K.L.:
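First the structure, then my questions, so here it is.
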Amino acid sequence: DPIRIGTEGAYRPWNFVNEKGELDGFEIELAKNLCQRLNSECTFIQNSWDGLLPGLDAGRYDVLFSGFAMTASRTETAGMAGPYAILAMTFYTVADSPLASADAEGVVSFDRDPKAAEEAIQKMRTLLTGHTVGVSASGLSARFVESYFDGSADLKRYRRLDEIDIDVSSGRVAAGLTQLSYATDMIARTKDVSYKLIGPAFEGGMLGQGVGALVAKGNSDLQQKFQTVIDEAIKDGTIRELSEKWFSSDMTPVR
Amino acid sequence: MNNEMPVVRVEGLEKSFGALKVLKGISLEARQGDVISILGRSGSGKSTFLRCLNLLERPDTGAISIAGHEAAFPEKPGSGKLSHRAMERLRASTGMVFQSFNLWSHKTALENIIEAPVHVLGRPKAECVEEARRLLARVGLADRADYYPMHLSGGQQQRVAIARALAMRPKVMLFDEPTSALDPELVGEVLQVMRGLAQEGMTMLVVTHEIAFARDVSTRIVFFSEGQVEVDGSPHEVFSAPPSESFRKFLSNHA
Amino acid sequence: MNNEMPVVRVEGLEKSFGALKVLKGISLEARQGDVISILGRSGSGKSTFLRCLNLLERPDTGAISIAGHEAAFPEKPGSGKLSHRAMERLRASTGMVFQSFNLWSHKTALENIIEAPVHVLGRPKAECVEEARRLLARVGLADRADYYPMHLSGGQQQRVAIARALAMRPKVMLFDEPTSALDPELVGEVLQVMRGLAQEGMTMLVVTHEIAFARDVSTRIVFFSEGQVEVDGSPHEVFSAPPSESFRKFLSNHA
Amino acid sequence: MDFSPLWEGVWGGLMLRAAAMTLIVAFLAFLLGQVIGLGLTLARLSGVGLLARAAETYTMVVRGVPELLIIYLIFFGGSSTLGWFASWFGHQGYIEVSPLLTGVVAIGMICGAYSSEVIRGAILAVPVGQVEAAISFGMSRLLRARRIVGPQALRYALPGLGNIWLTTIKETSLISVVGLVEIMRQATVAGASLRQPFTFYIVAAAIYMVLTGGSVLIIGRAERRFGRGSMAAGA
Amino acid sequence: MEFYTYVLVELAKGLPLTLQIVGFSLVCSFALGLCLALAHHYGPVWAQMLVRGYLAIFRGLPLLIQIYVIYFGLAQFAVVRGSILWPILREPFWCAVIAISACAGAYASEIFRGGLLSVSSKDIDAARAFGMSRLLMLRRIVLPLTLHQALPAYGNEIIYLVKMSAVASIITLPEVTARAFTIVTETFRVFEVLAIAGAIYLAINFIAAFAVRCVEKALEPSPPRN
Ligand SMILES: Nc1ncnc2c1ncn2[C@@H]1O[C@H](COP(=O)(O)OP(=O)(O)OP(=O)(O)O)[C@@H](O)[C@H]1O
Ligand SMILES: Nc1ncnc2c1ncn2[C@@H]1O[C@H](COP(=O)(O)OP(=O)(O)OP(=O)(O)O)[C@@H](O)[C@H]1O
Ligand SMILES: [Mg+2]
Ligand SMILES: [Mg+2]
């Protein structure tokens with residue numbers, strides 16, 4: 001039997017449907033590559049986000065490649081293989097916002113350079129004081145803001161990342177917090193609004209180990225297999241290559 | 001049918017609405033060709049009695065037999081229980097003209113008349129239409145065949161209701177004030193129709209307030225008072241020498 | 001009010017339903033205290049005439065004046081147009097008893113009666129309730145005050161409808177077959193009530209099929225035939241020597 | 001706003017195909033819903049206590065719970081149940097229930113619950129006297145339902161059923177969770193791909209307007225057709 | 001077990017907001033629906049056309065799109081952001097109430113129109129004959145009969161409305177569904193969380209349906225007790 005891979009197909013540049021109507025993106029190419037390494041056939045099944053997790057539970061998919069961040073509570077309820085990319089979060093706003101004075105900086109990691117990260121957080125706290133920040137409703141970024149910006153910034157939670165963009169541009173929120181990979185692609189492709197990144201991108205710590213594949217609970221065999229080939233792909237540079245192609249930067253997880 | 005056998009036999013019929021006892025033990029027999037006029041004050045239970053005969057109201061106690069179909073109340077659980085089929089057969093062999101006509105508002109006069117013959121008795125439609133037109137002509141409404149009830153005058157609706165009941169060629173006809181909305185000329189005509197029916201051997205129970213009508217057409221007069229049969233006799237007997245005080249009072253207002 | 005001035009004046013009233021011309025130019029006058037019985041075959045336009053007086057049907061042409069309120073048809077655009085206010089005033093000064101009673105099904109007998117006096121005339125509710133109970137008693141329904149129409153017998157409904165119209169203390173009463181569902185005894189009582197009203201100076205137009213009633217109560221008889229007034233005269237005149245052939249024929253069926 | 005991807009790329013065709021999917025699922029679900037709704041109504045008016053209670057509970061629960069939950073239950077619950085049965089016969093693993101079938105059944109069950117309320121109200125609105133007239137002519141329940149109560153109830157029910165049909169068309173967007181590509185899902189995918197979320201929502205809106213607008217015309221015609229002889233007061 | 005309590009408590013925190021959205025929308029949509037139905041049934045031709053157009057749009061489009069347009073769409077225009085309406089349109093709460101009321105009002109109006117259609121001309125005739133003004137007739141005769149007839153179907157609409165309130169979750173309001181969504185993405189336990197959210201909605205709807213049934217019973221002409 002082929003391995004059934006579930007993906008949302010609406011999360012550029014990780015997984016999406018391209019101009020030809022075919023699935024494409026970082027995770028799609030990676031998954032194909034991994035399947036080759038496993039010597040298995042793979043079929044991709046697209047589904048709306050709401051149907052992915054129940055589908056995995058019910059056995060409709062063997063594995064999900066759909067931008068899932070690896071956190072402690074998730075690894076508890078499901079098996080995860082990876083990470084195959086870091087998960088870096090960055091703030092962004094529009095050019096005519098008062099916050100726009102701050103410039104974009106590189107990635108800082110809570111794991112590798114806690115001190116620099118701490119300083120960066122302090123700087124952002126001052127900048128965001130009294131403002132509202134839009135975050136994804138998936139818990140991770142919200143909890144990040146809650147724990148580091150408590151008493152400084154207010155939160156608004158959105159279902160989809162592109163909805164944060166819209167409210168940043170309308171001024172309902174002063175800034176958004178989003179994934180670096182998503183933001184760079186979005187800024188590059190948006191014509192009528194000029195968004196810009198502010199401050200550094202954060203990685204590690206409570207943001208988790210990165211993005212990984214979600215395997216049905218109890219299927220530790222498959223989880224093991226994917227873990228092995230992902231490690232291989234990191235080692236031989238495949239992931240770096242794909243990352244640079246899709247994200248224009250190296251998002252290879254460092255272990 | 002044996003002329004000696006009663007076509008309608010009612011015994012000890014009782015009916016209450018809540019605490020209000022409307023019928024307090026009515027017994028009555030009608031032979032083939034009988035025309036029984038039922039008189040009584042407004043609210044004395046005449047309509048309720050006719051409705052019980054048709055099982056539109058379920059009597060509390062008593063026995064009913066119409067054209068060989070029997071029903072006894074209270075129903076005994078098990079074998080004594082009246083089947084729907086039995087009730088329908090009983091009803092199909094009686095025709096009813098309601099006090100408030102109750103024409104079907106979504107059907108034209110003609111459609112109202114052919115409805116039951118075609119669909120209950122399964123007679124051929126063409127034949128029924130022909131008969132319906134004849135009946136409509138007989139009640140003076142040939143040109144109103146395609147009118148909906150709401151576009152008919154009161155008297156016209158009443159005549160359609162009479163034609164509708166006749167079209168079923170029932171064994172027993174139940175009329176609830178069949179001439180209340182008719183002018184004297186039409187009353188005369190309807191009376192003529194009923195005389196004809198009586199001669200053809202139809203059995204009729206007629207609730208009416210028209211003393212003249214009762215005197216001229218009926219073979220027997222029944223006077224209801226407080227839910228009981230107070231007077232029962234031939235027109236000649238009861239009108240020339242009213243056998244009860246309240247009946248005399250009832251008649252006294254009639255010129 | 002001047003006894004010489006007509007309370008009701010109708011001139012050249014015409015009304016068609018589609019191609020069917022129902023009223024073909026009716027003219028009529030009634031002075032205060034007049035009781036005019038309107039006779040006519042079923043379908044001759046009697047109900048339509050009453051409904052036109054009340055402006056429930058809009059006449060095609062003609063002029064109506066009731067208790068000082070005027071309406072002329074066809075309405076002239078602009079100043080000649082009848083305002084809603086004017087129509088309401090005209091209607092509030094007439095009382096109407098419908099052929100099919102038209103009681104409001106969501107209100108009890110008592111509520112039906114007090115509805116218009118309280119809400120149209122703005123009389124105090126307590127006073128209206130008291131009067132309503134008196135009226136109900138007068139038509140023999142003191143114990144039915146809290147019944148909904150669907151739980152009343154035909155004659156009971158009709159009496160509530162009469163009480164409802166009386167409660168408005170109108171200048172002019174329009175009765176459409178007010179005794180059709182009543183037994184002779186009640187007919188006598190209602191007749192008594194109407195005599196009383198006539199003595200108090202109420203003007204009444206009564207559509208009826210009861211020749212006896214028309215002869216005994218009315219000051220004038222009007223006979224409709226094919227949408228026109230064919231006979232108009234005192235009861236004595238018209239009954240002793242019917243002035244037209246069709247009227248004679250109409251009467252011939254009455255014992 | 002740039003609509004060129006509609007005719008220049010694959011998106012126009014994909015949107016049309018999604019519209020067809022929406023229409024098919026909505027139509028089948030509505031039909032099923034009417035059958036279920038009628039059954040529920042009959043059960044509720046049957047006078048058989050247990051039957052009436054069961055129907056009432058069904059109506060309450062299915063209407064009361066978010067639609068998404070019902071779809072989850074039927075699709076994923078359904079295949080789990082099937083899988084559990086199959087394991088008795090030695091079959092292992094996941095059994096796929098056709099997403100189309102699930103979608104139709106799930107939406108149809110919801111639609112049925114709503115319809116039964118509308119149908120019940122309409123049946124009760126038929127004047128009692130006319131029903132009695134039918135009874136007095138010896139019409140059986142079925143005949144009465146078909147010839148007298150049905151046609152009259154239909155005209156009271158049409159506005160409500162019209163509402164339900166329109167809702168069904170739109171509720172069909174929920175079935176994207178079982179993997180069917182209907183209008184909203186296709187719009188999301190296309191919008192995300194081109195980073196033009198609004199453009200495709202507007203296209204979706206236009207398609208919905210065509211579907212529902214056409215429906216409204218047909219419903220209006222049906223209302224006039226069944227309104228004959230109605231006692232309704234005019235303006 | 002601990003997990004379930006946690007979810008229940010967490011979701012219950014969204015209940016006041018859900019109820020507020022439902023409450024405001026219920027009142028607004030009822031009033032709107034009644035006005036639309038009256039205009040549709042009694043209004044001049046132009047008003048009828050206007051209502052038809054309104055119904056076509058608000059019944060025809062998924063609520064998701066409507067709320068998207070009202071919340072995200074309008075905000076795209078600088079004119080809107082500069083207008084006096086912006087303080088209201090800026091707030092997701094009012095956007096949700098506006099969108100839900102506009103949509104639910106459209107549905108309610110069709111229900112009410114069905115009720116208006118069932119009022120018999122006899123009742124109207126009697127009211128007119130007694131000189132009732134149109135307003136009085138509406139208030140005392142037409143509306144009671146209409147609402148009574150429309151009640152069962154309107155009960156449907158209330159339940160729809162309760163569930164409609166869940167779309168508020170997509171415009172950042174932390175009501176029950178939004179909280180459920182957050183917990184699901186954190187814990188991946190879809191069924192459990194949704195089932196608890198479902199139970200909460202079911203409870204609200206159960207109470208609503210019960211209330212509707214009570215009103216229905218109260219309006220039923222009861223046989224006299226004597
Ligand atoms: N709305 C309507 N549309 C079309 N025709 C109508 C309408 N109302 C009444 N008619 C027709 O107009 C004629 C007169 O009706 P109307 O109700 O005035 O008669 P009527 O004299 O009161 O008769 P009855 O004594 O039977 O009550 C009838 O032939 C009837 O069919
Ligand atoms: N469904 C009901 N519930 C309660 N009481 C009722 C019901 N139907 C009739 N009644 C009462 O029963 C009594 C008899 O009613 P019924 O209709 O049989 O009278 P009737 O003799 O036909 O009078 P009428 O000559 O006025 O038509 C009336 O007092 C009425 O109020
Ligand atoms: Mg009676
Ligand atoms: Mg008449």
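Keep in mind that what you see is a predicted model, and the values were worked out from it rather than measured. Residue numbering restarts at 1 for every chain, and letters A, B, ... go by the order of the sequence lines.
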K.L.:
Which answer fits D:T167, side chain, backbone, both or neither, if we ask what part of it has an atom under 4.5 Å from a heavy atom of chain E?
P.N.:
both

K.L.:
Using heavy-atom distances under 4.5 Å, tell me whether D:A204 contacts chain E through its side chain, its backbone, both, or neither.
P.N.:
both

K.L.:
Using non-hydrogen atoms only, which part of E:V142 is less than 4.5 Å away from chain D: side chain, backbone, both, or neither?
P.N.:
neither

K.L.:
Of all residues at least two apart in sequence or in a different chain, which pass the side chain to side chain contact (heavy atoms under 4.5 Å, CB included) check with D:L23?
P.N.:
D:L211

K.L.:
In Å and rounded to the nearest 0.5 Å, what is the CG to CG distance from E:L194 to D:L73?
P.N.:
9.0 Å

K.L.:
For residues 55-70 of chain D, pull every pair meeting side chain to side chain donor-acceptor pair (under 3.5 Å), keeping only residues two or more places apart or in separate chains.
P.N.:
D:R63-E:N156, D:E67-E:K163

K.L.:
With only heavy atoms counted, which part of D:V65 is less than 4.5 Å from chain E, the side chain, the backbone, both or neither?
P.N.:
both

K.L.:
Roughly how far, to the nearest 0.5 Å, is the CH2 atom of D:W165 from the CZ atom of E:R59?
P.N.:
13.0 Å

K.L.:
Non-hydrogen contacts under 4.5 angstrom with chain D: give the residues of residues 206-214 of chain E involved, or none if there are none.
P.N.:
E:F206, E:A209, E:R213

K.L.:
Answer whether the closest heavy-atom distance between the side chains of E:I111 and D:N163 falls below 4.5 Å.
P.N.:
yes

K.L.:
Quick one: pull up CD1 in D:I164 and OH in E:Y160 and give me the separation to the nearest 0.5 Å.
P.N.:
5.5 Å

K.L.:
First locate atom CD1 of D:I207, then atom CG of E:L61, and finally report the distance between them rounded to the nearest 0.5 Å.
P.N.:
11.5 Å

K.L.:
Does any heavy atom of chain E fall under 4.5 Å from the side chain of D:L166, the backbone, both, or neither of them?
P.N.:
both

K.L.:
Can you confirm if the aromatic rings of E:F72 and D:Y201 lie within a centre distance of less than 6.0 Å?
P.N.:
no

K.L.:
With a 4.5 angstrom heavy-atom cut-off, which part of E:E110 approaches chain D: side chain, backbone, both or neither?
P.N.:
both

K.L.:
Is chain D contacted by the side chain of E:I57, its backbone, both, or neither, given a heavy-atom distance below 4.5 Å?
P.N.:
both

K.L.:
Might you point out which heavy atoms bring E:F58 and D:K170 nearest each other, and give the distance in Å?
P.N.:
O-NZ, 4.3 Å

K.L.:
Take atom CZ in D:F27; do more than 12 heavy atoms of anything else shown fall under 6.0 Å from it?
P.N.:
no

K.L.:
Taking all atoms of both residues into account, what is the closest heavy-atom pair of E:I159 and D:M60, and its distance?
P.N.:
CD1-CE, 4.4 Å

K.L.:
Do E:R52 and D:V216 come close enough that some side-chain heavy atom pair is under 4.5 Å?
P.N.:
no

K.L.:
Measuring from atom OH of D:Y208 to atom CD1 of E:I65, what distance do you get when rounded to the nearest 0.5 angstrom?
P.N.:
6.0 Å

K.L.:
What residues of residues 166-179 of chain E make heavy-atom contacts with chain D at a cutoff under 4.5 angstrom?
P.N.:
none

K.L.:
Measuring heavy-atom distances to chain E, does D:V62 have an atom under 4.5 Å in its side chain, in its backbone, in both, or in neither?
P.N.:
backbone

K.L.:
Any side-chain heavy atom of E:V190 sitting closer than 4.5 Å to one from D:Y72?
P.N.:
yes

K.L.:
Tell me, out of D:A205, D:G220, D:G121, who's got the most heavy-atom pairs with chain E below 4.5 Å.
P.N.:
D:A205

K.L.:
Which atom names give the shortest non-hydrogen contact between E:A56 and D:M209, and what distance separates them?
P.N.:
O-CE, 3.5 Å

K.L.:
Locate the shortest heavy-atom distance separating E:G198 from D:P66; write the atom from each residue and the value.
P.N.:
CA-CD, 3.7 Å

K.L.:
I need the E:L117 CG to D:L158 CG distance, nearest 0.5 Å.
P.N.:
10.5 Å

K.L.:
Of the non-hydrogen atoms in D:E117 and E:P152, which two are nearest, and what is the gap between them?
P.N.:
OE1-O, 4.0 Å

